[in-house]
Amino acid sequence: MRIAELAGQRVAIWGFGREGRAAIQALRKRLPELSLALYCGEAEAAEAQQFDAALRVYPHEPDAVALSAYDIVIKSPGISAYKPAIVTAQAQGTRFTSGTALWFGENPQAQVIAVTGTKGKSTTTALLAHLARALGVRTALAGNIGLPLLELLDQQAALWAIELSSFQTGEAGPLELGVITSLYEEHLDWHGTRERYVADKLKLADVAHRLLVNAQQEGLLEKTAQHAQRLLFGQPEGWHVADGFLRRGSLEVIALERLALPGAHNALNACAALAALDALGYDAIAAAPALATFRPLPHRLQTLGERDGLHWVNDSISTTPQATLAALESLHGREVTVIVGGHDRGLDWSGFVAAVASRTALRIITQGANGPRIAAALRVAKSEVPLGDVDKLADAIEMARIVTPAGGTVLLSPGAPSFDQFHDYAERGRRFAGMAGFDEAEIAGIAGMGIA
């Protein structure tokens, strides 16, 4: 959908986060006479009116009747497309779109690499932009990583490194290369079922001319086998990790010890970024040394430092049990106390319970809304890993100080969203740092956003 198509239509915007604001600004710039309605939370209504006095602001969630009064509704990504009110309004003829869809409609010729995946998508997208810029390519870093595409509507780049969540993959237009880093169950509260989550994630394959996927995930390989232009990373014939090196085929390209990112999963993310550059004809081998200067993203295995004789690591971005296991693997051989738990989306923790059963030098503290359920699963399995079960993150931190041996590591890797106690994972990570004794203000944002 092009923005010009909204002229003369009855248009509403649903959501007043950064995506909603970007949509308002883009429409005001392109269609200044367009009448706009906004649906947002009661606490945001006054701020929205100050943001744009011409908005008709409704401080509540719209029902099916309200939505059916509009020709087009521009919805923020976090609002599930499967809400009954949306399904009913669509049946009545209301069209739903997004800032992502509008940007793709305005930029059909842009060279886009779109990255998605249950885990690894943000790091891979940022790595891709960093490596491309090291080659002197004017590159945009935007999307779900924290910068709405519409904020860059009238700007130009030679390459667009765009992160897409499972909420956005169905909104992308045709693009040169899609990348899928991993595929596990997540966001079941938005998608409704695991099957629908997987189907929505794989919508990226429908719009990608070429598709790059993780060769180490059998399920992902099976589900993408029919793509006519499928490429793989993580296998010996291409970019992969072996014997302490990132390799392209048999060629040793860069030693893992030179990478700025810890963990085998991050080495695989680097392979994905390098393979993506290769696919578009860039010199990935020449770009690889820049992996040593990459600035790790906050809240992703972020080393905070030492306090009270303990090392503290912030992995607040972890919202699945698989992500927590990857974080633990990156700290293999160290004494670790891991804090898990948060908002309960009903994910299956049995794989986590089985994986940690034989681990030594590990303590687990459960907290948050699904903490009791995780603790119960560990007890039922008769896990021998020392277990503490508390209510809030603050309680977990105090317990971690007591039970972690001197010189050990306290790892926040919740395996669950933050919404039971915090606004988002970033706030959770900052609060964790503050409660551990670090300056929350120093937990910086993601470097390199925008075009450079």
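Only this structure's heavy atoms are used, side chains among them; waters, hydrogens and symmetry mates stay out. For clarity, every value in this text was computed on a predicted model and none was experimentally measured. All residue numbers in this chain count up from 1 along the given sequence.
A cation-pi contact, defined as under 6.0 Å to the ring centre and within 45° of the axis, is absent between Arg431 and Phe422.
Applying the side-chain contact (heavy atoms from CB on, under 4.5 Å) test between Ser122 and each of Leu127, Thr181, Leu297 identifies Leu297 as the sole match. No option in Glu335, His311, Arg334 other than Arg334 meets the side chain to side chain donor-acceptor pair (under 3.5 Å) test with Thr409.
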Test side-chain contact (heavy atoms from CB on, under 4.5 Å) applied to Leu393 and Leu412, step by step: CA-CA 9 Å; Leu393 179 59; Leu412 173 66; 3.9 Å; yes

Report the C-alpha separation of Val11 and Ile74 in whole Å, then their side-chain angles, then the decisive distance to 0.1 Å, and conclude whether the side-chain contact (heavy atoms from CB on, under 4.5 Å) test is met. CA-CA 8 Å; Val11 178; Ile74 302 169; 4.2 Å; yes

Start with the C-alpha gap between Leu259 and Asn266, add the side-chain angles, then the distance that decides, and say whether side-chain contact (heavy atoms from CB on, under 4.5 Å) holds. CA-CA 9 Å; Leu259 271 59; Asn266 277 322; over 6 Å; no

Applying side-chain contact (heavy atoms from CB on, under 4.5 Å) to Glu176 and Ile113, what does each step give before you reach the verdict? CA-CA 6 Å; Glu176 181 59 32; Ile113 300 177; over 6 Å; no

Derivation of the salt bridge (Lys or Arg N to Asp or Glu O under 4.0 Å) call for Arg30 and Glu106: CA-CA 11 Å; Arg30 293 287 182 89; Glu106 296 295 312; 2.7 Å; yes

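Side-chain polar atoms of Thr116 and Lys201 form a donor-acceptor pair below 3.5 angstrom. Checking Ser182 against His265 by side-chain atom types alone, no donor-acceptor pair falls below 3.5 Å. A side-chain donor from one of Asp348 and Ser350 sits under 3.5 Å from a side-chain acceptor of the other. A donor atom on one side chain and an acceptor atom on the other are not found under 3.5 Å apart for Lys119 and Ser318. For the residue pair Tyr82 / Asp200, a side-chain donor-acceptor distance below 3.5 Å is found, with atom types taken as modelled. No hydrogens or angles considered: nothing links the side chains of Thr139 and Arg133 as a donor-acceptor pair under 3.5 Å. There is no side-chain donor-acceptor pair under 3.5 Å between Gln216 and Gln235. Side chain to side chain, Arg428 and Ser418 fail the donor-acceptor criterion of an N or O pair below 3.5 Å.
Closest of all the heavy-atom pairs between Ala273 and Leu131 is CB-CD1, 3.9 Å. Taking each heavy atom of Val340 and Ser413 in turn, the nearest pair found is CG1-O, 3.6 Å.
Under the 6.0 Å cut-off for aromatic ring centres, Phe16 and Tyr39 do not qualify, their centroids lying 6.0 Å or more apart.
Listed for the Arg363 side chain is a donor-acceptor partner under 3.5 Å among the backbone atoms of Val336. Between the Thr124 side chain and the Lys121 main chain, no donor and acceptor come within less than 3.5 Å of each other. The backbone N or O of Ala292 sits nowhere less than 3.5 Å from a side-chain atom of Arg258 that would complete a donor-acceptor pair. The closest donor-acceptor contact from the side chain of His240 to the backbone of Gly238 lies under 3.5 Å.
Considering only heavy atoms from C-beta on, Ile180 stays 4.5 Å or farther from Asn214 through its side chain.
Using a 4.0 Å cut-off between charged nitrogen and carboxylate oxygen, Glu151 and Arg18 count as a salt-bridge pair. Between Glu171 and Lys203 there is no salt bridge, since none of the side-chain N atoms of the basic residue sits less than 4.0 Å from a carboxylate O of the acidic one. Glu47 and Arg21 are joined by a salt bridge, as a carboxylate oxygen and a charged side-chain nitrogen come within less than 4.0 angstrom of each other. Between Arg300 and Asp315, none of the side-chain N atoms (NZ, or NE/NH1/NH2) sits under 4.0 Å from a carboxylate O, so this pair counts as no salt bridge.
Between the CD atom of Glu19 and the CZ atom of Phe167 there is a distance of 12.0 Å, given to the nearest 0.5 Å.
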